[in-house]
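Beneath this line is the structure, given in structure tokens, with notes to follow.
Indexing begins at 1, ligand by ligand and atom by atom, following the structure's order. Basis for what follows: all heavy atoms, side chains included, without hydrogens, waters or symmetry-related copies.
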Amino acid sequence: MTTEKHRLVVVSNRLPVKLQRTATGWRAERSSGGLATAMSPILKSNDGLWIGWPGASAGIDDPKRQEILERWAAEERRIAVDLPPETAQHFYEGYANQTLWPLFHHFPSLVVFDPKGWVAYETANRRFCEVVVRHYRPGDMIWVHDYQLMLLPNLLRQALPDAPVGFFLHIPFPSSEVFRILPEREKLLEGLLGANLLAFHTHSHLRHFRNSVLRVLGRESRINELDAGERVVRLEAIPIGIATGEFTSLLATPEVAGHMAELRQRYAGQQILLAVDRLDYTKGIPERLRTYRRLLERAPKLRGKVVLVQIAVPSRQRIGSYEALRRQVNELVGEINGHFGAADWTPVVYIRRGISQAHLAALYGVSDVGWVTPLRDGMNLVSKEYVACKLDNRGVLVLSEFAGAAEEMGEAFLVNPYDEDRTAATLERALTLDAEERERRIEALRRRVERNNVFAWGERFLAMLRDAAAACVTGASDRPLPLDIPSILDAYRKARRRLLFLDYDGTLVGYANQPERATPTPRLPGLLQRLIENPGNCVMLISGRKRADLERWFGDLPGLWLAAEHGALLRAPGAADWQPLRPDFSRHVLEQVLPVLQHFVDRTPGSLIEQKEYSIVWHYRMSEPQFADWLANELVAMLEDMLAETELRAFRGQKIIEVRPLWIHKGGVVGHLTQHCGPADFQFGIGDDRTDEDLFKVLDTGVWTVHVGEGRSRARFRLPSPAHVLDLLERMATAGVS
Ligand code: GDG
């Protein structure tokens, strides 16, 4: 029953086996690789299914092929998604590998924009969806992999509204500046947002994604979640690991020991630099070769004493840019070997084909330097495999700072692969590093790679998916319930001491186009006065407004606590002066943001700047909504970067962006009031916008927190409008005096 409940459905573009036509029939070829290794045990223990494309579509109607696929489904629980050859080509070679791949790796000049590619991408994603839906059983968890299937989460959400769907992106998510080049940018983001959990290798990929969602869709997110209508999408960075045992167990075999001995003999007297890549322009192979040339130029003593073994597995060979790369690499290898080589020394040993896992492990084992310098890479497993094979701690990892792996492999020598001079200098250092430092670095790396292995990664992802899906079901917690007026009045009456926190704009009065027009209705001051007169009540008006506004409107209600600028300034009942929360704050830092906001006012007719003591606000309620919303997204994204190192942050309100210090928030006043008024048996906080969420957060869960208006909030209850709020306060004022 439990396995039924948590059956796992893995969906990836490729199945872990490829079916190929041969002269005599069909051949199934297993793919090694981390994903297949990781998923197999996880699938077994979760009684799971793997859904994916079985590879080339030639001979798709051959009954023999169908027979094999049916057997896979029945015996191996592998379900093939067949794609017509033309769709497969435009989807896989086209949109996935010639549009998304180069763009996501920051190579916009290599991006091909072909409408046929997009149509095929949509068709293929729909086809995957149909197959998943056909095999889905309630209770299953669906785990979708990678950039080929970015529309699938939302397609699944439409077809299976309650299914837990997780998505993992194996390649980097690009900067929003690059992402927004894509004509289909909105559709791809909407596609992803169908998931309950979206995970990336690193925090910087996650940050780029959040930025893109903000800039392209105008949706804000928190550090690890994003509201998508009625659902919450959980966002995580979960770096993939490797199955270290796969390699270390090989190292112990006589076959690999034999290969290692042979390699040591062949390269006796030479230090081995090892590079292993798919032959892909993201992997920085020409840059590496040029760097190697520089190394031999600047350190002639190394000639004859080092060898670069470059394995380059052919990949995507029908795509022009890959063919161009192949030629470029051939030329460079020829040039270096021709220029520096000698009868008894070949500087570059270039192997342009895949080698067996046993040979690979042996090379990892014997090489002195692992040279892993992609120009951009989601993670890069080779760096981890190299480290895992260094059981004797004799090896140095030189790693590109543009690989996701760099974020967790601090003991490697991190280099910028475009900077060929400095990389060459680093290699020289790596080759002459003293044994103690070498061991210290590689051992720390190896232990981390062993610990954060691929199984830990899989478990983490699934635990988070379970969590995210459960939170979605119980997501009622962010949807306030309608306030039951008799119950709150009853609690109010019974209480002996009450604390009331009241927001102003949007709560006690509606919004006006210009902030100065949102003046209190004639009824309001009298109503507040009656609440204050009750000796059991402590009432605080807490607003984002300046102190002058509050003083003008409510200054002659002596029993009222006033908190201006979200609590940065407090005026106690009867006090003549306002107390600042932090007297040492200097506005100087705010002044620096002013020109940026002014620039936005220039670009946005109808918008204006309001300057307060502790903040600057850009108001755009009167501007053309679509344009102003778009610029507001731009502004927030820009300020996020600009202010990251300062105490200031940009906050969104109702048609405003406010820049103010991080430490000012409405929750800060709760302690103050409790201290002055003593413990209360009735606490009431009411407000309508994001700034009030800080108040709700600080108030205890058992108290009466009320959100005014529709939408999500952490308040427990809601009221529809300011008119309802005034009615409630009226009834409180007339409720029995305690
Ligand atoms: C994508 C992301 C992310 C290579 N040559 C041979 C061989 N390999 C194996 C390696 C390694 C794998 O291929 C390559 O993995 P990478 O991570 O380096 O790169 P991508 O293929 O681009 O993978 C990447 C990864 O997904 C996982 O999320 O890290 O950033 O681009 O396992 O060992 N294996 C054998 N012979 C070879 O000649 N047997």
| field | Distance-only donor-acceptor check, side chains Tyr95 and Glu184, under 3.5 Å | value | yes
| What do the steps show when you test Phe168 against Trp457 for ring-ring contact (aromatic ring centres under 6.0 Å, His included), and what is the final call? | CA-CA 11 Å; Phe168 190 86; Trp457 168 78; 5.0 Å; yes
| request: For residues Arg180 and Arg185, report the shortest heavy-atom separation together with the two atoms involved. | output: O-NH1, 2.9 Å
| field | Donor on one side chain, acceptor on other, Tyr322 and Asp280, under 3.5 Å | value | yes
| Between Arg353 and ligand 1, does any nitrogen or oxygen pair lie at a separation below 3.5 Å? | no
| note | Check: of Leu381, Asp377, Val313, Ile355, min heavy-atom distance to atom 36 (N) of ligand 1 comes from Ile355
| message | Quick check on contacts: which atoms of ligand 1 are under 4.0 angstrom from a heavy atom of Val276? | response | 4 (C), 5 (N)
| task | Select one of side chain, backbone, both or neither to describe which atoms of Trp101 lie under 4.0 Å from any atom of ligand 1, heavy atoms only. | result | side chain
Distance-only criterion, 3.5 Å: show the donor-acceptor pairs between side-chain atoms of residues 169-176 and protein atoms not counting sequence neighbours.
unit_1 : atom_1 : unit_2 : atom_2 : d
His170 : NE2    : His145 : ND1    : 3.0
Ser175 : OG     : Glu177 : N      : 3.1

| query | Any luck finding a side-chain donor-acceptor pair between Glu287 and Thr373 under 3.5 Å? | reply | no
| query | Any N/O of Glu385 closer than 3.5 Å to an N/O of ligand 1? | reply | yes
| Just which atoms of ligand 1 are under 4.0 Å from any heavy atom in Gly378? | 30 (O)
| query | Side chains of Ser221 and Arg210: donor-acceptor distance under 3.5 Å anywhere? | reply | yes
| Side chains of Phe104 and Phe179 in contact at under 4.5 Å (non-hydrogen atoms) | yes
| message | Distance under 4.0 Å to a non-hydrogen atom of Leu360: what atoms of ligand 1 satisfy this? | response | 7 (C), 33 (O), 34 (N), 35 (C)
| task | Find all atoms of ligand 1 within a distance of less than 4.0 Å from any non-hydrogen atom belonging to Gly354, and give their numbers and elements. | result | 38 (O)
| query | Using a heavy-atom cut-off of under 4.0 Å, does the side chain or the backbone of Val382 touch ligand 1, or both, or neither? | reply | both
| message | List ligand 1 atoms under 4.0 Å from Ile240, heavy atoms only on the residue side. | response | 28 (O)
| note | If we number the atoms of ligand 1 from 1 as shown, the ones under 4.0 Å from a heavy atom of Gln357 are 39 (N)
| request: Tell me yes or no: between the side chains of Asn393 and Arg441, is some donor less than 3.5 Å from an acceptor? | output: no
| field | Atoms in ligand 1 flagged as close to Lys283, the criterion being non-hydrogen separation under 4.0 Å | value | 18 (O), 19 (O), 20 (P), 22 (O)
| request: Please could you name the atoms of ligand 1 that Met379 approaches to less than 4.0 Å, counting only its heavy atoms? | output: 3 (C), 24 (C), 29 (O), 30 (O)
